[in-house]
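What you see below is based on every heavy atom in this structure, not just the backbone, and it leaves out hydrogens, waters and symmetry mates. Here is how names work: the chains are called A, B, and so on, in the same order as the sequence lines, proteins then strands, and each is numbered from 1.
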Number of protein chains: 2
Amino acid sequence: MKDVAREAGVSASTVSRVLTGATRVVPAKRAAVERACKKLGYHPDGLAAALRNRSSQSVGILVPDIENPIFPAVIRAAEHELALAAVDVVLCDADNDVAVEARRLDTLLRRRVDGLLVCPVHREHSAPALRAAALRVPTVQLDRYALTDVDFVGTDQDSGMRQVVEHLRDRGARTAVFVGGYRGMSSLTERAQAFERACAEHGIAARPTVDVRFPDADNGRRHARDLLARGGLPDAIACASDELAFGLLVELRAAGVRCPEDVLVTGHDDIPAAGYMELTSVNQSLPDKGREAARLLRHQSSSPRQVRLTPTLVARTSTARPSPAYAAAGPAAEGSHG
Amino acid sequence: MKDVAREAGVSASTVSRVLTGATRVVPAKRAAVERACKKLGYHPDGLAAALRNRSSQSVGILVPDIENPIFPAVIRAAEHELALAAVDVVLCDADNDVAVEARRLDTLLRRRVDGLLVCPVHREHSAPALRAAALRVPTVQLDRYALTDVDFVGTDQDSGMRQVVEHLRDRGARTAVFVGGYRGMSSLTERAQAFERACAEHGIAARPTVDVRFPDADNGRRHARDLLARGGLPDAIACASDELAFGLLVELRAAGVRCPEDVLVTGHDDIPAAGYMELTSVNQSLPDKGREAARLLRHQSSSPRQVRLTPTLVARTSTARPSPAYAAAGPAAEGSHG
DNA sequence: CTGAAAGCGCTTACAG
DNA sequence: CTGAAAGCGCTTACAG
């Protein structure tokens with residue numbers, strides 16, 4: 001920058017002023033500076049500016065596992081929203097491990113991010129490190145929470161599960177089970193509870209929730225085998241995630257159980273593969289979630305906020321069955337449902 | 001830091017020395033410094049250190065679209081490899097747009113990343129900005145290239161497509177078509193050429209490659225309709241990506257064309273959904289790709305390197321058909337194939 | 001409108 | 001082993 005100043009015959013202050021555009025500068029000098037920048041191939045140093053400004057114009061996003069298909073869409077939307085304010089994103093992956101998560105929080109903070117968007121790995125075990133971070137910098141919890149007094153953007157699980165249960169009931173289900181309770185993730189815990197409440201409201205006999213270690217396809221397969229071994233499948237199986245449902249479907253198919261003929265199956269999150277797999281799912285609008293989280297970060301509040309987005313059911317073949325109301329009219333009405 | 005020094009009764013230099021661990025410091029002072037850090041709740045500033053050290057200990061990863069399922073696995077592996085060297089990653093999404101990509105390169109460079117891992121949006125249009133970046137900082141191209149004289153980590157497409165074609169031939173295919181040529185992505189262009197070469201070698205009649213605007217499910221559906229409208233499907237359809245194949249499968253199914261009975265279909269990349277969909281695909285080992293790219297970045301060379309990873313075919317139901325050799329033994333041998 | 005000066009928080013020769 | 005000093009590249013009151 002000094003070199004540019006010398007080349008342009010002005011002071012460094014002036015160079016800075018034309019570059020930041022903060023103040024008026026006479027056109028002649030402005031032009032001289034611009035010419036000098038070109039000529040010398042000058043590239044401003046954002047780190048130095050950040051140090052001086054005490055703001056890095058960046059936020060950290062920390063997710064448990066970037067390979068979990070719900071995160072890319074959220075991250076992308078958040079990134080876009082933040083880009084509007086010229087803020088960029090430092091992304092970290094916690095490897096589904098609270099120790100790694102704590103380390104990542106540390107490096108993010110050391111890098112002086114202006115804020116944090118984090119989806120905690122574990123409801124309880126993530127709390128201490130997250131609390132320490134939240135004390136230092138604006139923080140928004142994404143999709144799951146570990147702290148109740150820190151901003152949170154999530155899904156209205158009651159709404160989602162009620163839609164699922166109503167849909168299943170309309171398809172004639174009288175008994176159902178929820179696969180995927182897990183107290184390490186607030187979202188799954190809430191979903192399980194919401195499912196039970198909705199079943200009670202709609203007169204569906206809910207079997208005890210099946211707890212999983214993790215909502216992935218492998219556990220879907222495992223629990224499908226368990227359910228089959230136990231014998232007497234319920235009319236419907238509601239899964240806590242799409243991947244869980246995929247694993248379950250594969251295993252059911254292998255066992256000769258047909259879906260939707262023999263059992264109705266639903267997933268959750270409506271990831272792209274749910275469409276190919278013809279799996280009925282609950283769409284969370286991941287982009288909205290990311291955008292909303294970014295907004296909370298930009299517009300701080302003194303009291304913690306909880307934003308719940310309403311999801312919408314997406315009906316597909318995995319629950320295709322004429323509803324009793326339409327039975328008389330024939331099965332052709334199916335496609336227009338949901 | 002000054003405060004810590006005062007509290008500990010030493011100089012700032014000493015504080016720095018105990019924090020970086022660069023030099024010996026007498027235990028008493030070391031302890032005093034550590035105590036003072038605790039007491040004051042001191043947090044080091046990585047930005048200032050980076051400014052002084054002229055190294056931010058971070059690299060930028062720029063992908064065309066983080067929602068493309070091949071990237072999360074690559075990013076994650078690269079992040080892990082870099083974390084070994086205490087380097088962290090700043091992730092940007094180019095929105096599949098070369099203008100956005102150029103802007104992102106700019107912010108990354110301004111943030112003084114020590115290196116760049118980029119998958120170029122477009123083979124030709126991404127070149128100028130990428131060249132400018134590569135001149136300033138070590139750069140590795142990921143999966144696709146825009147520059148031939150800059151490090152590149154990609155797939156050995158000849159090997160992959162040869163495996164596909166041999167597999168199809170063993171399943172009795174005599175005619176085939178490749179869906180997904182696109183000159184904007186070096187990977188797809190190479191794949192199309194490799195397919196044609198392999199067909200020629202193996203005596204399969206290859207129809208003219210179908211060019212797509214983009215290798216996603218929508219275009220898979222569109223081209224399935226085109227192929228159907230044209231009439232007379234070939235024995236096999238090799239797709240440039242899994243998503244293309246998914247879209248194609250959905251549309252074929254809707255038209256009453258059975259896979260694998262009526263036509264064999266393959267995808268590419270072996271994303272998780274390929275497993276659920278029982279789609280035969282080509283596994284690229286995404287983690288290896290990310291790891292390898294990170295390594296090239298850490299170990300610079302004066303001459304540009306090109307690393308090609310050998311992919312492996314993963315045979316699934318979408319190409320399940322007894323090979324002529326096994327026909328006599330019956331279809332039970334199927335599962336052990338590929 | 002503009003320049004000189006101070007300072008953001010660190011690190012590292014340099015001299016003891 | 002340790003301190004004083006300089007400097008990384010910026011920005012912004014302050015005084016003109």
| Taking all atoms of both residues into account, what is the closest heavy-atom pair of A:Val137 and A:Leu116, and its distance? | CG1-CD2, 3.7 Å

| Where along residues 34-53 of chain B does a heavy atom come under 4.0 Å from DNA chain D, residue by residue in number order? | B:Leu51, B:Arg52

| message | What is the separation between atom CE on B:Met1 and atom P on C:dC8, rounded to the nearest whole Å? | response | 13 Å

| task | Keeping to residues at least two apart or across chains, list the salt bridge (charged side-chain N to carboxylate O under 4.0 Å, His left out) pairs with something in residues 144-155 of chain A. | result | A:Arg131-A:Asp149, A:Asp151-A:Arg305

| Ion pair present between A:Asp3 and A:Arg6, side-chain N to carboxylate O less than 4.0 angstrom? | yes

| said: If I take atom NZ in residue B:Lys2 and atom P in nucleotide D:dA5, what distance separates them, rounded to the nearest angstrom? | reply: 13 Å

| field | Length of the line joining A:Arg6:CZ and C:dA4:P, which is rounded to integer Å | value | 13 Å

| note | All stems that DNA chain C takes part in, i.e. 3 or more consecutive Watson-Crick or G-U pairs with distances under 3.5 Å, are C:1-3 with D:14-16, C:5-12 with D:5-12, C:14-16 with D:1-3

| message | Nearest whole Å is fine: how far is C:dC8 P from A:Arg110 CZ? | response | 20 Å

| task | Calculate the interatomic distance between A:Leu19 atom CG and D:dT11 atom P; express it in whole Å. | result | 7 Å

| said: Taking salt bridge (charged side-chain N to carboxylate O under 4.0 Å, His left out) as the cut-off, I'd like each qualifying pair that reaches into residues 58-72 of chain B, sequence neighbours left out, listed once. | reply: A:Arg76-B:Asp65, A:Arg76-B:Glu67

| said: Distance check needed: C:dC10 P versus A:Arg112 CZ, whole Å only. | reply: 7 Å

| So, does B:Asp269 use its side chain to make a donor-acceptor pair with the main chain of B:Ile271 at under 3.5 Å? | no

| task | Mind jotting down which residue pairs meet the side chain to side chain donor-acceptor pair (under 3.5 Å) criterion with at least one end in residues 9-22 of chain B? Sequence neighbours excluded, please. | result | B:Ser11-B:Thr14

| query | At their closest point, which heavy atom of B:Leu19 faces which heavy atom of B:Cys37, and how far apart are they? | reply | CD1-SG, 4.2 Å

| Among residues 9-17 of chain B, which contact DNA chain D at a heavy-atom distance under 4.0 Å? | B:Val10, B:Ser11, B:Ser13, B:Thr14, B:Arg17

| remark: What one should report as the nearest heavy-atom pair of A:Ser126 and A:Glu101 is OG-OE1, 2.6 Å

| request: Taking atom P in both C:dA5 and C:dC1, compute the distance separating them and give it to the nearest angstrom. | output: 23 Å

| B:Ser186 to B:Tyr145 - nearest heavy-atom pair and separation | OG-N, 2.9 Å

| said: Roughly how many Å apart are D:dT12 and D:dG16, using the C1' atom of each and rounding to a whole number? | reply: 16 Å

| Can you tell me how far C1' of C:dC1 sits from NZ of A:Lys29, to the nearest Å? | 8 Å

| task | Please check if atom CZ in A:Arg183 has more than 12 non-hydrogen atoms from other residues, nucleotides or ligands closer than 6.0 Å. | result | no

| query | Would you say B:Glu81's side chain and B:Gly290's backbone share a donor-acceptor pair under 3.5 angstrom? | reply | no

